[in-house]
Amino acid sequence: MLERGLDVLDVHRGLMSWRRLRVLIQHLPPESATMTALRNALSEEELEEQAERGEPEKGRWSQHDLLLASAVDAVRRVEWVLKCVNAESNAKRPEPPEPIARPGAKARKPKTTLTPAGAEVLFQLINGGAA
């Protein structure tokens, strides 16, 4: 609010009403330090509730951040597709790119690999050797 020439102390001086201060705070841009501090103070439950209500402006990232992350994800995906298309037919395909982690979204679970010990246990279970 300093860039607008407003001082919060004007409320106590009687030069600004509490309602005016509330309206100014409610209409701060999502990237402002105040809105960032308010978003960072939210619990996980409050973030999930806001996501369900469709209020991205109250999330931890601004709209610009979300759009930029979407653009980066799209470029990474196109790069991955180009690598897959231009790879030798017998070459191992690269792993698909991970999307940029977004607030409130959980990371993908990594795929588990079958170890030799696990393969042996599975073989025993299939053949009825371990019950």
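Throughout, residue positions are numbered sequentially from 1 according to the sequence presented.
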When you measure from the side chain of R93 to the backbone of C84, do you find a donor-acceptor pair of N or O atoms at a distance under 3.5 Å? yes
Does the W18 side chain pair with the main chain of V11, one donor and one acceptor, at a distance under 3.5 Å? no
For L114 and L122, work out which heavy atoms get closest and say how close. CD2-CD2, 4.5 Å
What are the two closest heavy atoms between P97 and R76, and how far apart are they? CG-O, 3.7 Å
Calculate, to the nearest 0.5 Å, the distance between atoms CG and CZ belonging to L24 and R19 respectively. 10.5 Å
The reported gap from CZ in R22 to CE in M16 (rounded to nearest 0.5 angstrom) is 13.5 Å
Does atom CD (E95) have a neighbourhood of more than 12 heavy atoms from anything else shown, all under 6.0 Å? no
Below 4.0 angstrom, N of the basic side chain to O of the carboxylate: do R13 and D7 qualify? yes
Establish whether V78 and W80 are linked, either directly or via other cluster members, by ILVMFWY side-chain heavy-atom contacts under 4.5 Å. no
L6-I25 co-clustered via ILVMFWY side chain contacts under 4.5 Å: yes
Evaluate the criterion side-chain contact (heavy atoms from CB on, under 4.5 Å) for residue pair R20 and D10; output intermediate values, then yes/no. CA-CA 11 Å; R20 172 83 171 136; D10 285 346; over 6 Å; no
